[in-house]
Amino acid sequence: KMKIAVVGATGMVGQVMLKVLEERNFPVTELIPVASEKSVGKKISFKGNEYSIVSMQTAIDMKPEIALFSAGGTTSLEFAPKFAEAGTTVIDNSSAFRMMEDKKLVVPEINATELTKDDKIIANPNCSTIQLVMVLHPLNLKYDLKRVIVSTYQSVTGTGKNAVDQLNAEIAGESDVAKVYPYEIFKNALPQCDVFADDDYTKEELKLMTEPKKIMGDDSFNLSATAVRVPVQGGHSESVNIEFENEFDLDEVRKILSETPGVVVLDDVSNKIYPMPLYSEGKDEVFVGRIRRDRSQPNTLNMWIVADNLRKGAATNAVQIAEYLIKNQLV
């Protein structure tokens, strides 16, 4: 039997988690949807059945085998340890535990084999990080990364429902718009994702600069990031410049990536085929294209990476971790 709690079940990622669990026919024998106190008692639908949303304490008392968390860092810090104490394995989508030394930060295709039964709180990486490392990891194994520069073009869905509402209201020309962002997002690009840190990088940029090294188990390369919010709903895009220690062959790069599980190469510029968020929405794969040699320096590559930030960037990756735990009898 497999009791599964989804904490934050009414949020954007929580809703996608439920959808992914259903699509992948995850072995849920009892679903425990959890949300804020104001949502307790409301109904959600899963596999044709209705389930009542319960409180956090009720869910803890029910002792689910796995709890998928997407309710923000503050909530995770307070309640994830309580679930863990009750014997539940928590897979947390917030940034709360990602860089803690005693917590694993997992992308299943890369480092799920590090997981053990003792890992009761597992961190799900940042959405932009996941799609980046899915491409960097296999290339690092072959050519040895030296430096990575990434510029992101991130969907408003990464901020949440209120951001989507702001964009749609601005598109409709509504003057009384509740603003999530400090400026209009429609017809605009904001060079600010999350809040600024002391060194004028945003938290989103710092996540991109630190998380890949932990996931890949390699801190020998340098990484710099600029994160930009754009008026898109389908997924996140990244322009990535990669310098290797070793020379590479472009055809071999494409072959390595095309053979990487979860990665799809769309790179036929003669027919205008390249990744776009419009086509990534609702899909679990990471798409890569515009693969070309950097003319300005040796051993350097440019590429364009796109993925649905709510799926592989959040919900799907978390569910894949849960699937690995079950398959390997770690819960």
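A quick note: this is a predicted structure, and the numbers were derived from the prediction, not measured. Scope of the values below: all heavy atoms of this structure, side chains included, with no hydrogens, waters or symmetry mates.
Between Ile305 and Val286 there is a side-chain heavy-atom pair separated by less than 4.5 Å. Between Leu18 and Leu31, the closest side-chain pair of non-hydrogen atoms falls below 4.5 Å. Looking at Ile4 and Pro64, their side chains never come closer than 4.5 Å, going by heavy atoms from C-beta outward. Proximity of Val164 to Leu167: side-chain heavy atoms (C-beta onward) are nowhere separated by under 4.5 Å. A 4.5 Å side-chain heavy-atom check between Phe46 and Leu21 finds at least one atom pair inside the cut-off. For the pair Met56 and Val34, the minimum side-chain heavy-atom distance is below 4.5 Å. Put simply, the side chain of Phe26 reaches to within 4.5 Å of the side chain of Ile326, judged on heavy atoms. The shortest side-chain heavy-atom distance between Lys207 and Ser95 falls under the 4.5 Å cut-off.
Defined by atom type and a distance below 3.5 Å, a donor-acceptor pair is present between the side-chain atoms of Gln57 and Asp61. For the residue pair Asn168 / Asp165, no side-chain donor-acceptor distance below 3.5 Å is found, with atom types taken as modelled. A donor atom on one side chain and an acceptor atom on the other are not found under 3.5 Å apart for Thr226 and Tyr201. Gln154 and Glu204 share a side-chain donor-acceptor pair at under 3.5 Å. A side-chain donor from one of Asn25 and Lys47 sits under 3.5 Å from a side-chain acceptor of the other. Inspection of the Thr202 and Asp194 side chains reveals no N or O donor paired with an N or O acceptor under 3.5 Å. Of the N and O atoms on the side chains of Asp92 and Asn124, not one donor lies less than 3.5 Å from an acceptor on the other residue. Checked by atom type, the side-chain pair Asn299/Asn246 shows no donor-acceptor distance below 3.5 Å. When only modelled atom types and interatomic distance are considered, Glu243 and Thr300 share no side-chain donor-acceptor pair under 3.5 Å.
Between the CD atom in Glu37 and the OG atom in Ser55 there is a gap of 5.5 Å [rounded to 0.5 Å]. Leu77 CG to Thr74 OG1: the interatomic distance, rounded to the nearest 0.5 Å, is 6.5 Å. Between the CG atom in Leu310 and the OG1 atom in Thr316 there is a gap of 9.5 Å [rounded to 0.5 Å]. The structure places CG of Asn241 at 4.5 Å from CG of Asn302, a figure rounded to the nearest 0.5 Å. The CG atom of Asp294 sits 11.5 Å away from atom CE of Met303, with the distance rounded to the nearest 0.5 Å. Between Glu285 atom CD and Leu266 atom CG the span is 9.5 Å, to the nearest 0.5 Å.
Residue Lys3 qualifies as enclosed at atom NZ: its count of foreign heavy atoms under 6.0 Å is above 12. By the 6.0 Å contact criterion, NZ on Lys161 is open, its count of non-hydrogen atoms from other residues, nucleotides or ligands being 12 or less. Residue Tyr279 places its OH atom among 12 or fewer non-hydrogen atoms of other residues, nucleotides or ligands, all under 6.0 Å distant. Taking a 6.0 Å sphere around NZ of Lys120, one finds it holds more than 12 heavy atoms contributed by other residues, nucleotides or ligands. No more than 12 heavy atoms of other residues, nucleotides or ligands lie within 6.0 Å of NZ in Lys146, so this atom counts as exposed by the packing criterion. Around atom CD of Glu247, more than 12 heavy atoms belonging to other residues, nucleotides or ligands sit under 6.0 Å away.
Under the 4.5 Å side-chain heavy-atom criterion for ILVMFWY residues, a single connected hydrophobic cluster contains both Tyr51 and Val13. Each of Val20 and Val7 belongs to its own hydrophobic cluster when Ile, Leu, Val, Met, Phe, Trp and Tyr are linked at side-chain heavy-atom distances under 4.5 angstrom. No chain of hydrophobic side-chain contacts below 4.5 Å, direct or via other Ile, Leu, Val, Met, Phe, Trp or Tyr residues, connects Trp304 to Val135. A continuous path of hydrophobic side-chain contacts links Met2 to Leu330 [ILVMFWY only; heavy atoms under 4.5 Å]. Criterion: ILVMFWY side-chain heavy atoms under 4.5 Å apart, direct or through other members. Under it, Val150 and Val230 are not part of a common hydrophobic cluster.
Scored by the salt bridge (charged side-chain N to carboxylate O under 4.0 Å, His left out) test, Glu259 finds Lys255 as partners (sequence neighbours excluded). With sequence neighbours excluded, the residues satisfying ring pair (Phe, Tyr, Trp, His ring centres under 6.0 Å) with Phe248 are Phe244. For Phe287, the ring pair (Phe, Tyr, Trp, His ring centres under 6.0 Å) test picks out no residue, with sequence neighbours left out.
A distance-only check finds a donor-acceptor pair linking the side chain of Glu205 to the backbone of Ala227 [under 3.5 Å]. In this structure, Asn111 contributes its side chain and Val107 its backbone to a donor-acceptor pair below 3.5 Å. The backbone N or O of Val54 lies less than 3.5 Å from no partner atom in the side chain of Thr58, so there is not a single donor-acceptor pair. Counting only distance, with no hydrogens or angles, the side chain of Ser258 and the backbone of Arg254 share a donor-acceptor pair below 3.5 Å. Checked by atom type and distance alone, the side chain of Asp144 never pairs as donor or acceptor with a backbone atom of Asn140 at under 3.5 Å. Between the side chain of Arg98 and the backbone N or O of Asn93 there is at least one donor-acceptor pair closer than 3.5 Å. Side chain of Asn126 to backbone of Gly313: no donor-acceptor contact under 3.5 angstrom is found. Listed for the His236 side chain is a donor-acceptor partner under 3.5 Å among the backbone atoms of Ser155. Between the Gln15 side chain and the Ala9 main chain, a donor and an acceptor come within less than 3.5 Å of each other. For Asn271 (side chain) and Ile273 (main-chain N/O), no donor-acceptor pair under 3.5 Å exists by modelled atom type.
Of the residues Thr88, Ile60, Val90, the one that meets the side chain to side chain contact (heavy atoms under 4.5 Å, CB included) test with Lys82 is Ile60.
Between Glu23 and Arg311 there is a salt bridge, with a side-chain nitrogen of the basic residue lying less than 4.0 Å from a carboxylate oxygen of the acidic one. The existence of a salt bridge linking Lys283 and Asp308 is excluded, since no basic side-chain nitrogen approaches an acidic carboxylate oxygen closer than 4.0 Å. Taking a cutoff of 4.0 Å between a charged side-chain nitrogen and a carboxylate oxygen, Arg290 and Asp267 do not qualify as a salt bridge. Using a cut-off of 4.0 Å between Lys/Arg side-chain N and Asp/Glu carboxylate O, Glu114 and Lys104 are scored as not salt-bridged. A salt bridge links Lys142 with Glu252: the distance from a Lys NZ or Arg NE/NH1/NH2 to an Asp or Glu carboxylate oxygen falls below 4.0 Å. Using a 4.0 Å cut-off between a side-chain N of Lys or Arg and a carboxylate O of Asp or Glu, Glu245 and Arg147 do not qualify as a salt bridge. Here Lys312 pairs with Glu109 in a salt bridge; the nearest charged N to carboxylate O distance falls below 4.0 Å.
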side-chain contact (heavy atoms from CB on, under 4.5 Å) between Leu139 and Val253: does it pass, once the steps are laid out? CA-CA 7 Å; Leu139 298 180; Val253 167; 4.0 Å; yes
Step-by-step side-chain contact (heavy atoms from CB on, under 4.5 Å) determination, Thr157 to Asn309: CA-CA 8 Å; Thr157 57; Asn309 53 292; 2.9 Å; yes
Give the C-alpha distance, both sets of side-chain angles, the deciding distance and a yes or no for side chain to side chain donor-acceptor pair (under 3.5 Å) between Asp119 and Thr89. CA-CA 7 Å; Asp119 294 308; Thr89 299; over 6 Å; no
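Taking the six-membered ring where the residue is Trp, Phe83 and Phe69 present perpendicular rings, their angle passing 60° and hence far from 30°.
Minimum interatomic distance between Cys193 and Val228 (heavy atoms only, all atoms of both residues): SG-C, 3.6 Å.
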